[in-house]
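This chain uses plain numbering: 1 for the first residue, then up along the sequence.
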Amino acid sequence: MSIQWYPGHMTKARRVLAESMPSQDVIIEVLDARMPRASENPVVAELRGQKPCIKVLNKSDLADPAVTKAWLRHLEAEHPAPPDGAPPGGQVLALAISANQSSEARRRIPELCKRLAPPKNGPGKVVRAMIVGIPNVGKSTLINTLMERKVAKVGDEPAVTKSQQLVTLKSGMAISDNPGILWPKIDDESASFRLAVGGAIPDTAIDYQSVALFAAGHFLRRYPELLVARYKLKELPASAAALIEEIGRRRGCLRGGGAVDLHKASDILVHDFRAGRLGRISLEEPPGLLEEPSGIEESA
């Protein structure tokens, strides 16, 4: 699945990002903890250059905790602190947060920003940080958490934030929030599917059955016990297609003649994942924790 993505506000978001980036001391890139690599935007990496960055793995309460820990180590190891005497720049620090860790986020994020960009001396000299990320990854929720009040509009669908917002934290740090930006064309098929499963792409732009087949195959390979528990399966289906059929039968998604409504069954699986009803699941793993082939097929 290759997704074309050309709404006008995405072009504007990229322009705003390019104009604002040079004045920032630290970039705070919010990622989806269930798919840190797929939710990284190469446009952000291109524009930030050697500016230090905090990678915030949001929704970590929905992700596999062991996989999340591996991602934190991997992201920091990719961009370590420069050796003593070398020019500063490019270092990445990583942090996992969730909806029930508001106080932790308020404490750790300013702390990490100061580590990467020590406070400046003089009137009006404050650390400036920009929050960036793809749509529906939790940028506005994070800025509301840091401010301890609602200053940014949030929602459970992509592209809620339409314009740049600038706020000042109690610590004096200046934080800006920007519209979510997806790259114009996502050529990596696996990344496209992961973004679709996670809700970063509007449902109107995806084929639910194809997305559910991708998700079902991954869940069968990596988290079969969670599927058995959620859908009360007597035995594990042999394929992704068979799993969706079984979900449809068990949830009453039937058409005339007893045929399974595959769209409804696919909708159930995808939304069960997004809501965390399946359990804590990661959609991808860092190098070194690669999936083992299992023989599970997407089609029956």
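- Closest approach of Pro237 and Leu220 over heavy atoms only: O-CD2, 4.0 Å.
- Ion pair Asp25/Arg48 not flagged as a salt bridge, since none of the NZ, NE, NH1 or NH2 atoms sits closer than 4.0 Å to an Asp/Glu carboxylate oxygen.
- Between Glu245 and Arg249 there is a salt bridge, with a side-chain nitrogen of the basic residue lying less than 4.0 Å from a carboxylate oxygen of the acidic one.
- Of all heavy-atom pairs between Ala129 and Gln24, the closest is C-OE1, 3.2 Å.
- For Asp61, the salt bridge (Lys or Arg N to Asp or Glu O under 4.0 Å) test picks out no residue, with sequence neighbours left out.
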Could you list the donor-acceptor pairs under 3.5 angstrom formed by side chains in residues 67-77, with sequence neighbours left out?
| residue | atom | partner | partner atom | Å |
| --- | --- | --- | --- | --- |
| Thr68 | OG1 | Asp64 | O | 3.2 |
| Trp71 | NE1 | Glu284 | O | 3.1 |
| His74 | NE2 | Arg37 | NH2 | 3.2 |
| His74 | NE2 | Glu78 | OE2 | 3.3 |
| Glu76 | OE2 | Ala94 | N | 2.8 |

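- For the salt bridge (Lys or Arg N to Asp or Glu O under 4.0 Å) test, no residue two or more places apart in sequence or in another chain qualifies with Lys59.
- Judged by distance alone, the side chain of Ser23 and the main-chain N or O of Ser20 form a donor-acceptor pair under 3.5 Å.
- A pairwise comparison of heavy atoms in Leu62 and Gly276 identifies CD2-CA, 3.8 Å as the closest pair.
- Between Asp203 and Tyr208, some side-chain heavy-atom pair lies under the 4.5 Å cut-off.
- Looking only at side-chain heavy atoms (C-beta outward), Leu169 and Met147 come within less than 4.5 Å of each other.
- Side-chain atoms of Arg34 never come within 3.5 Å of backbone atoms of Leu283 as a donor-acceptor pair (strictly under, hydrogens ignored).
- The residue from Val56, Ile175, Thr145 that alone fulfils the side-chain contact (heavy atoms from CB on, under 4.5 Å) condition with Ile109 is Val56.
- Using a 3.5 Å distance cut-off with no hydrogens or angles, the side chains of Asn58 and Ser98 do not pair a donor with an acceptor.
- The minimum heavy-atom distance linking Gly199 with Asn136 is given by the pair O-ND2, 3.0 Å.
- In this structure, the side chain of Tyr223 engages the main chain of Ser282 through a donor-acceptor pair within 3.5 Å.
- Checked by atom type and distance alone, the side chain of Lys232 never pairs as donor or acceptor with a backbone atom of Arg250 at under 3.5 Å.
- For Glu225, the CD atom is densely surrounded, since the number of other residues' heavy atoms within 6.0 Å is greater than 12.
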